[in-house]
There are 2 protein chains.
Amino acid sequence: MSQNADAAQPHPKSRGAARRAMRRGPTIDDVAELAGVSRGTVSRVLNGARYVSPAALKAVERAVRTTGYTVNQSARSLVTKQSNAVAFVLSEPQERLFEDPNFSVLLRCCTQALAEHDISLILMLESSDAERDRVLRYVRGGHVDGVLLISAHSGDPLVADLARGVVPAVACGRPGGPESAIPYVAAEDTEGARQMTRHLVAQGRRRIGMIACPQVVGGPERLRGYRDVLGRRALKRLVVHTSDYSFAAGAAAMRELLAESPDIDAVFAASDLLAAGALAELRRAGRRVPDDVAVGGFDDSRIARETDPPLTTIRQPLERVAADMVDVLLRLIRREPASSRLLPTELVRRESA
Amino acid sequence: MSQNADAAQPHPKSRGAARRAMRRGPTIDDVAELAGVSRGTVSRVLNGARYVSPAALKAVERAVRTTGYTVNQSARSLVTKQSNAVAFVLSEPQERLFEDPNFSVLLRCCTQALAEHDISLILMLESSDAERDRVLRYVRGGHVDGVLLISAHSGDPLVADLARGVVPAVACGRPGGPESAIPYVAAEDTEGARQMTRHLVAQGRRRIGMIACPQVVGGPERLRGYRDVLGRRALKRLVVHTSDYSFAAGAAAMRELLAESPDIDAVFAASDLLAAGALAELRRAGRRVPDDVAVGGFDDSRIARETDPPLTTIRQPLERVAADMVDVLLRLIRREPASSRLLPTELVRRESA
DNA sequence: GCAGATTCTGTGAACGCTCACAGACAACTC
DNA sequence: GAGTTGTCTGTGAGCGTTCACAGAATCTGC
């Protein structure tokens, strides 16, 4: 049989042709050939276009257009060791966090900001230990250039891992744990809480309660702001702690507050969702808002506009938080200096207080 | 100087060593060396582990563990032409859609389902033409193995592009446009709408209005279900169209309905968010719910539990929609046959109707 | 004991790109 | 006109995998 004879002489050309037929798209060599230049020149055009003659530039651009060439990211990554992707890691996402409107804004704005730099966002969940392992392996494996970390609770174990500097990382909100932790971007929670508390005081409220959530990122700061303004008037029974920012927790906390201090005339909830829950509970208890009890929220999320009455709240510039997180991360990736940032908050007056 | 002498003889070995020092992690060759086998054997262990002796298997596994080896996805993708990633494309995401709780559930469940197959989810937004181009180039470039398409409005132009079969794709909800379009997974919207309408009829309601949204995916089906049950009783002035599923649109539609038909005694809103808006407007108009007017929603999203009164609504099995979308997409990627799926809905009775 | 499977292993050649290098040429300076 | 600088170009090597192939070893059944 002629098989052996054929096998004896390898024919790389016909093989290459066969491959080309089943290939996804044109390669850099096809573009080079069509443009009448070399691979190297095409590559230079693709990245930066320096040291390329106008004629060559034009020819390459035309060839790229006519062939519909797209750079093969895998091949590029293989040599540059950059993935042009970052992970958006959602730590401990009980459904709650995921349905938090703040988080949605963050995700959307981060995606947009990254897209402008042609970097793609890979969403990763990290609620179980197994998932954390997966994330860590993924990140360590060099699949992403950086990590945007959205943490629900402070003291996230992933922070420690990330802090070891496997890959640049930025957190949203001040992550708890050792001081050596990773840089973060957050709103000025403490000052925001002060603004709201001062506002309630200015309205003549005497018994101002707080629904706090100190385990959640940003929570301790908001409680501190409330205490800063009220001092000794921040009675113990006026402060109730919840374990998360949820509607149900807000309602339960309000119930407790009403039972402990029936003469309460204002409540500052550490998030709009908590405030919405408090509102529902107040209605059930027959208290009018704001006449009997004023309610203040925090976040200025969509919810604040949809409650009845609409919530007076503290606006966090989440769009800017997202943009700044991306900015800090990109700087870190380029090995430029970058540090944590705190963004100003603003009181938004509506009808609840 | 000795420079020229050095340059004359290339020393690949010291070069390789230098590279190794700055390298991210161990390679397959390092693992092979440590395990005392060849590259090929390690590769076989990594993918499937067939035709590998127990001894070799064990040695490789140990070596992988001690070196902390992770496969370099770029190198692998370069040869397999598979990226192990899929794009989750959010078409026309006016903020609204993004803040839709349904969408959050979908995103979360898809991410989880994909993670189980070690496939990562790349989030892409596609609200402008420029962004659609980007998405298309990205997808065409072979960066992803498939696309999960979440479309707000029917007749999305991306669908047509995707339908040309660049890459496997699955839509959530029936995409409008040519019949030749891509496969989809959706709830049985028509039947769900029938369930709700029948429920309102069974409660003795005589003037049943509808807040419909026929431009949005699923919208036409829900309107059809309402008409199926009511027949000629579905008066023109009892149906108002909105352009999206938003709180504000729901409130505006309710206002219109009250003005046109003051004797209205029930409303079926095509989404919970619309129903929440209607609820707010009814309260403002002094109508009691459900005593004066019954309100039915659709989705059974988180919102339905948080309105006052809580909404009677139609539950869509979104977790299953997400799981099925991923399942269909994976089949398509493996070139197995797979077709569109319709999932059953369920009436959830609460207090609003 | 030997042909034929069957299991197991190592090796070379891609995959498509970037990057360093060297060479060609043009434009200056003295 | 020779040297120096700067711009522009092509080429070879290598990134870390997988895959096809071929060869070695072991097991069948007669």
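Predicted model only: the values in this text are computed from it and were never measured. For the numbers below, each heavy atom of this structure counts, side chains included, while hydrogens, waters and symmetry mates do not.
Between B/P183 and B/L332 there is a side-chain heavy-atom pair separated by less than 4.5 Å. Counting heavy atoms from C-beta on, the side chains of A/M124 and A/L90 never come closer than 4.5 Å. Counting heavy atoms from C-beta on, the side chains of B/V144 and B/I122 come closer than 4.5 Å.
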All N/O contacts under 3.5 Å from nucleotides 26-28 of chain D to the protein, with atom names and distances to one decimal?
none

Short N/O separations, protein against nucleotides 23-25 of chain D, under 3.5 angstrom:
none

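Rounded to an integer number of Å, the gap from A/N47 CG to C/dC19 P is 6 Å. Whole-Å rounding puts the A/I28 CD1 to D/dT11 C1' distance at 13 Å. Taking atom CG on B/L78 and atom P on C/dA13, their separation rounds to 17 Å, with Å as the unit. Between the C1' atom of D/dT17 and the CG atom of B/D30 lies a distance of 13 Å, rounded to the nearest Å. The OH-C1' distance, from B/Y51 to C/dT6, rounds to 7 Å in whole Å. The CZ-P distance, from A/R44 to C/dC19, rounds to 11 Å in whole Å. One can place CG of B/D29 at 15 Å from C1' of C/dT9, the figure rounded to the nearest angstrom. Atom CG in A/L46 sits roughly 15 Å away from atom P in D/dT9 (whole-Å rounding).
For the pair B/L57 and A/V42, both in contact range of DNA chain C, the more 5′-proximal nearest nucleotide belongs to B/L57. Checking B/G40 against A/T70, the closest nucleotide of DNA chain C that is more toward the 5' end is the one next to B/G40.
Proximity note for B/N72 (side chain, C-beta onward) versus D/dT18, D/dG16, C/dC8: the nearest is D/dG16. Distance from the side chain of B/V79 is smallest to C/dC15 among D/dG10, C/dC15, C/dC17. Distances were taken from every side-chain heavy atom of A/A56 (C-beta onward) to each of D/dT9, D/dG16, C/dT18; the shortest belongs to D/dT9.
Listed here is the closest heavy atom pair of B/S339 and B/V328: O-CG2, 4.0 Å. The shortest heavy-atom contact between A/S77 and B/S74 is CB-OG, 3.2 Å. Shown here for A/V52 and A/L57, the closest heavy-atom pair between the two residues is CG1-N, 3.7 Å. The nearest pair of heavy atoms linking B/L34 to B/T66 is CD2-OG1, 3.2 Å.
Within 6.0 Å of CZ on B/R335 lie no more than 12 heavy atoms contributed by other residues, nucleotides or ligands. The environment of A/R50 atom CZ is sparse: at most 12 non-hydrogen atoms of other residues, nucleotides or ligands sit within 6.0 angstrom.
Taking only side-chain nitrogens and oxygens, B/S74 never comes nearer than 4.0 Å to OP1 or OP2 of D/dT17. OP1 and OP2 of D/dT18 both lie 4.0 Å or more from every side-chain N or O belonging to B/K81. The side chain of A/T41 contributes an N or O atom lying less than 4.0 Å from OP1 or OP2 of D/dG10. At the phosphate of D/dT11, neither OP1 nor OP2 sits under 4.0 Å from any side-chain N or O atom of A/S38. One finds no side-chain N or O of B/T80 lying less than 4.0 angstrom from the OP1 or OP2 phosphate oxygen of D/dT18. Contact between the side-chain N/O atoms of B/T27 and the OP1/OP2 oxygens of D/dG16 is not found at any separation under 4.0 Å. Side-chain N/O atoms of B/S53 include one lying less than 4.0 angstrom from OP1 or OP2 on C/dT9. For A/Y69 and C/dC17, the shortest distance from a side-chain N or O to OP1 or OP2 is below 4.0 Å.
Applying the 3.5 Å distance criterion, the base of D/dT11 shares no donor-acceptor pair with the side chain of A/R39.
Across the helix from C/dG1-D/dC30 to C/dC30-D/dG1, the helix axis at one end is tilted relative to the axis at the other end by 30° (nearest 10 degrees, each axis from five pairs).
Aromatic ring pairs are classed by plane angle as parallel below 30°, tilted from 30° to 60° and perpendicular above 60°; the pair A/H143 and A/Y138 is parallel.
Side-chain atoms of B/D145 and B/S83 form a donor-acceptor pair, as typed in the model, at a separation below 3.5 Å.
No donor-acceptor pair under 3.5 Å is formed between the side chain of A/N47 and the backbone N or O of A/R44. Using a distance-only test at 3.5 Å, with no hydrogens or angles considered, a donor-acceptor pair links the side chain of B/T67 to the main chain of B/A63.
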